[in-house]
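Here's the structure we're looking at; comments come further down.
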Amino acid sequence: MTFSNDKAIYIQMADRLCDEILSGVYKDDDRIPSVREYAVLLEVNTNTAVKAYEQLAREEIIYNKRGLGYFVTPGAKKQILKARKQEFMKERLPELFRQMQLLDISIEDVVKAWESQ
């Protein structure tokens, strides 16, 4: 995984796990890779992976079964979708609209581009 400089690495790792939940790689109550396995996979320090898992556990996206590992919390996909939609509407959409206005791009132009994909 290539990390960007705009977010902390542990946040990018948490985002990646959420992406994997959204895409169906991990479903409700599925076991996810251990902290060490994920750290090795992404070539990061184990402490960084621990921070990512702790954040996801605080957000109730994953839960720990002592001695067995971490699992996806039932309903996590729905929770991630809700949070991501709110973030998109609040943070990304206003900038998109600003750029559309500056570039004189109409909603109709966007719909045409969307339909031609």
* To do: Answer yes or no: is there an ion pair linking R84 with D19, defined by an N-O contact shorter than 4.0 Å?
  => yes
* Going only through I, L, V, M, F, W and Y residues with side-chain contacts under 4.5 Å, is there a path from Y38 to L22? -> yes
* Do other residues, nucleotides or ligands put more than 12 heavy atoms under 6.0 Å from the CD atom of E95? -> yes
* Check the pair N45 / T48 against side-chain hydrogen bond (donor to acceptor under 3.5 Å, both in side chains), numbers first and verdict last. => CA-CA 5 Å; N45 185 297; T48 304; 4.8 Å; no
* Asked: According to a 4.5 Å side-chain heavy-atom criterion applied to Ile, Leu, Val, Met, Phe, Trp and Tyr, with indirect links allowed, do W114 and L103 form part of one hydrophobic cluster?
  -> no
* Evaluate the side-chain proximity of I107 to M100: yes if any heavy-atom separation is below 4.5 Å, no if none is. => yes
* To do: Using a 4.5 Å cut-off on heavy atoms from C-beta on, say whether the side chain of V72 contacts that of K27.
  => no
* Point-to-point distance, once rounded to the nearest 0.5 Å, from CD1 of I80 to CD1 of I21 -> 4.0 Å
* Asked: Under a 4.5 Å side-chain heavy-atom rule over Ile, Leu, Val, Met, Phe, Trp and Tyr, are V40 and Y70 clustered together?
  -> no
* **Nearest-0.5 Å distance that lies between atom CG in L96 and atom CD in Q101** => 12.0 Å
* Structure fact -> One should read off an interatomic distance between D109 CG and D104 CG, to the nearest 0.5 angstrom, of 8.0 Å
* **Pairing of K112 and E108 as salt bridge, 4.0 angstrom limit** => no
* Asked: Do K78 and L81 have side-chain heavy atoms sitting under 4.5 Å apart?
  -> no
* Look only at the side chain of Q55 and the backbone of I11, and say whether a donor-acceptor pair between them is shorter than 3.5 Å. => no
* To do: Starting at CD of Q79, measure out to CD of E60 and round the result to the nearest 0.5 Å.
  => 6.5 Å
* Asked: Would you call Y10 and V44 a side-chain contact if the rule is heavy atoms closer than 4.5 Å?
  -> no
* Drop me the distance from I62's CD1 to L56's CG, to the nearest 0.5 angstrom. => 4.5 Å
* Asked: Is any side-chain heavy atom of E37 less than 4.5 Å from a side-chain heavy atom of L41?
  -> no
* Is there a side-chain contact between N64 and Y53, using heavy atoms and a 4.5 Å cut-off? -> no
* Electrostatic pair K77-D28, nearest N-O below 4.0 angstrom -> no
* Structure fact -> Residues A14 and A52: closest non-hydrogen pair is N-CB, 4.0 Å
* Asked: Apart from Y63 itself, which Ile, Leu, Val, Met, Phe, Trp or Tyr residues share its cluster (side-chain heavy atoms under 4.5 Å, direct or through members)?
  -> L68, F71
* Asked: Is there a salt bridge (Lys or Arg N to Asp or Glu O under 4.0 Å) between K51 and E54 once you walk through the steps?
  -> CA-CA 5 Å; K51 285 177 73 172; E54 286 175 346; over 6 Å; no
* Do you know which two heavy atoms are closest between K7 and Q12, and how far apart they sit? -> O-NE2, 2.7 Å
* To do: Group every Ile, Leu, Val, Met, Phe, Trp and Tyr by side-chain heavy-atom contacts under 4.5 Å, then state whether L102 and F97 land in the same group.
  => no
* To do: State, yes or no, whether a side-chain contact exists between F3 and M13 at a heavy-atom distance under 4.5 Å.
  => yes
* Asked: Looking only at side chains, do R31 and Y26 share a donor and an acceptor under 3.5 Å apart?
  -> no
